[in-house]
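Below, chains carry the letters A, B, ... as their sequence lines are ordered, and counting in each starts from 1.
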2 protein chains.
Amino acid sequence: MTRSMSSFDKAMALFGALVAQDGVFESDAMSVQLGVPESTLYRHLNALHSAGLICRSRRGRYLPNPVFLKKLEGYTPHAVLSELVRPFLDQLSVALETTTHFGLLENDMVTYLAKSVFEGEEVFTRENGQLEAYCSAIGKVLLSHMTVDEQRAYISSGPFPKLTDKTITDPAAIERELHRTRNKGFGVDDGEVHNALYCIAVPVFSSRGIVVGAISSSSSQRWASPKEQRDRLIQLNGVAQSISSTLGAGA
Amino acid sequence: MTRSMSSFDKAMALFGALVAQDGVFESDAMSVQLGVPESTLYRHLNALHSAGLICRSRRGRYLPNPVFLKKLEGYTPHAVLSELVRPFLDQLSVALETTTHFGLLENDMVTYLAKSVFEGEEVFTRENGQLEAYCSAIGKVLLSHMTVDEQRAYISSGPFPKLTDKTITDPAAIERELHRTRNKGFGVDDGEVHNALYCIAVPVFSSRGIVVGAISSSSSQRWASPKEQRDRLIQLNGVAQSISSTLGAGA
DNA sequence: CCAATTGCTATCACAATGTGATAAATGGAG
DNA sequence: CTCCATTTATCACATTGTGATAGCAATTGG
């Protein structure tokens with residue numbers, strides 16, 4: 001499976017490291033970090049430069065080329081993600097016979113970037129609309145993949161409004177629920193946002209294991225059995241995997 | 001001088017073409033456009049994908065990878081440009097003994113991204129501040145490199161306030177002045193913005209001849225002679241060239 | 001529904017480029 | 001001036017990239 005890596009991939013790995021470190025390049029540190037000899041790194045730097053990806057600022061400092069950046073103005077991660085994800089959501093909504101969503105976390109709220117309605121299963125959400133994270137299925141998944149510090153900060157940022165009888169509002173209970181979610185690998189909203197709304201959600205990872213967002217299946221009827229829930233999960237995870245692979249390897 | 005082109009450059013050229021065309025890829029058209037055989041193009045597409053630069057959306061449609069885009073959040077063309085340009089401005093201001101600026105056009109106004117003050121030559125401009133384009137040296141240069149349609153739209157967008165006695169405000173006269181500026185290759189502000197402010201400016205091109213911005217030399221005293229103006233121009237153009245080359249080839 | 005078109009993948013012999021060790025030059029900081 | 005990290009240059013060698021061709025896959029149009 002390990003297709004021979006093109007020279008491309010290695011140089012782009014260097015690019016990624018550079019932008020992540022605010023342009024700072026220390027040859028020996030970078031050499032061990034990327035597992036590439038220094039002489040090769042400098043060749044890659046020159047390749048990135050002549051390809052118009054980076055500029056040399058001060059000695060030891062390389063910045064993304066502003067002309068290159070300008071080309072990417074007009075492409076936002078949100079817009080691209082929602083376009084990429086939509087066909088998968090459509091496929092999923094007919095397979096599951098439920099409405100499906102793709103969402104991600106933004107300022108501790110879930111933003112729904114894309115939605116695919118299954119006829120008869122209208123849901124009150126809107127694309128680009130937001131919902132509370134602690135009680136929604138997608139929100140629980142995304143919160144459960146935060147770092148410990150981030151999650152702690154979120155949990156102490158309450159209060160958490162009780163949207164239905166079943167909404168979990170006690171901070172300690174929310175924390176337990178998030179642990180459960182993380183361990184199970186999927187999130188459940190059992191009528192906790194709205195009386196007639198039942199959802200399950202799974203995370204979408206980038207190839208390097210970073211959580212990019214989450215997809216969910218929403219229905220106005222509760223799942224009939226654990227088995228039905230399990231079936232949905234299998235399909236959800238399959239689609240999540242597909243999305244991951246269209247995102248590609250270097251991300 | 002033509003250093004052998006790495007495989008990188010060709011693939012990045014494809015990337016540039018893709019983002020410029022909103023992700024649309026037609027193999028035969030692209031093949032003639034880039035002068036690369038189709039089979040090679042598809043290999044490049046795969047390289048871009050596995051490097052995490054692009055995703056495949058629909059058939060024939062390739063979008064920038066959102067994960068990649070997210071890495072570049074936080075880098076704006078403005079911020080990077082001003083950092084890159086600053087050392088050149090500093091060098092220039094001591095060489096010319098004048099205050100120097102780098103600016104670009106934004107909504108028909110000149111935005112000053114960077115400024116290097118020469119002692120005793122304070123100027124009222126602020127970094128990230130804006131000034132009218134039709135009367136400033138940098139503005140004239142940038143306007144003179146607009147497309148015909150853009151320039152026509154600008155000229156008919158008046159009125160143009162008379163900031164000093166010498167300000168050119170008649171649309172037809174402005175148009176003539178822009179033609180002159182374009183032909184000479186540099187712009188002059190002969191006290192047209194402020195009574196005690198005299199500037200000359202030259203364009204900064206990217207390697208592909210796109211105007212990225214302009215640099216200027218500003219003084220409270222008028223240049224003594226045509227020769228002095230010519231000397232300043234030579235230095236200005238030299239620095240403009242240097243900036244172009246730090247921007248690299250692929251841009 | 002079947003053609004026809006276009007997108008995309010696979011393969012191969014050959015040419016070109018990337019690789020990494022070494023050495024040396026450049027530039028900045030104390 | 002001296003040290004140290006950055007950066008360029010060089011070289012024999014291994015790995016990739018190249019582009020023509022053929023063929024498969026999927027969409028479009030009639």
Does some side-chain heavy atom of Arg208(A) sit less than 4.5 Å from a side-chain heavy atom of Val67(B)?
-> no
Can you tell me if the side-chain N/O atoms of Ser27(B) get under 4.0 Å from OP1 or OP2 in dG7(C)?
-> yes
Please determine if a side-chain N or O atom of Lys10(B) lies less than 4.0 Å away from the OP1 or OP2 oxygen of dT18(D).
-> yes
Mind checking Thr40(A) for me? I need base, sugar-phosphate or nothing, with any heavy atom below 4.0 Å counting as a touch.
-> base
Nearest-neighbour nucleotide for the Asp28(A) side chain, dT6(D), dT9(C), dT18(D) considered | dT6(D)
Derivation of the ring-ring contact (aromatic ring centres under 6.0 Å, His included) call for His49(B) and Tyr62(B) = CA-CA 9 Å; His49(B) 177 76; Tyr62(B) 296 81; 8.4 Å; no
Tyr42(A) side-chain N/O to dT7(D) phosphate OP1/OP2 under 4.0 Å = yes
Whole-Å distance separating the CD1 atom of Ile54(B) from the P atom of dC8(C) | 10 Å
Any sub-3.5 Å donor-acceptor pair from Arg61(B)'s side-chain atoms to Asp22(B)'s backbone N or O?
-> yes
Which is it for His101(A) and Val110(A) under the side-chain contact (heavy atoms from CB on, under 4.5 Å) test, yes or no, and what are the steps along the way?
-> CA-CA 11 Å; His101(A) 290 96; Val110(A) 175; over 6 Å; no
Identify whether any heavy atom of Glu26(A) sits under 4.0 Å from a base atom; if not, whether one sits that close to sugar-phosphate; answer base, sugar-phosphate or nothing.
-> sugar-phosphate
Any donor and acceptor pair, going by atom type alone, linking the side chain of Ser31(B) with main-chain N or O of Val36(B) inside 3.5 Å?
-> yes
Kindly determine whether Leu34(A) and Leu41(A) satisfy side-chain contact (heavy atoms from CB on, under 4.5 Å), including the steps that lead there.
-> CA-CA 9 Å; Leu34(A) 298 180; Leu41(A) 282 182; 4.2 Å; yes
Whole Å only: how far is the CZ atom of Phe25(A) from the C1' atom of dT8(D)?
-> 13 Å
Please give, in whole Å, the distance from dG19(D) P to Leu14(B) CG?
-> 14 Å
What is the per-nucleotide protein-contact pattern of nucleotides 25-30 of chain D, from the 5' end, where B denotes a base atom under 4.0 Å from a protein heavy atom, S denotes such proximity for sugar-phosphate atoms only, and - denotes neither?
-> BBS---
How long is the line joining CZ of Phe8(B) and C1' of dT16(D), in whole Å?
-> 14 Å
Rounded to whole Å, the CG-C1' distance (Asn46(B) to dG17(D)) equals 13 Å
Picking from dT18(D), dG17(D), dT7(D), which would you name as closest to the side chain of Ser7(A)?
-> dG17(D)
Salt-bridged, Asp90(A) to Arg86(A), with N to O below 4.0 Å?
-> no
Measure from the side chain of Ser39(A), starting at C-beta and using heavy atoms only, and say which of dT8(D), dT19(C), dG20(C) lies closest.
-> dG20(C)
dT16(D) C1' sits how many Å from Asp9(B) CG, rounded?
-> 16 Å
From dC8(C), dT7(D), dA21(C), pick the nucleotide closest to the side chain of Tyr62(B)?
-> dC8(C)
Could you check how far CD of Glu38(A) sits from C1' of dT6(D), rounded to whole Å?
-> 9 Å
Determine: side-chain N/O of Arg43(B) to OP1/OP2 of dA20(D), distance under 4.0 Å, yes or no.
-> no
Classify the ring geometry between Phe15(B) and Phe68(B) as parallel (under 30°), tilted (30 to 60°) or perpendicular (over 60°).
-> perpendicular
d(NE2, His44(A); P, dT7(D)) in whole Å = 16 Å
Has Arg56(A) got a side-chain N or O lying under 4.0 Å from the OP1 or OP2 atom of dT7(D)?
-> yes
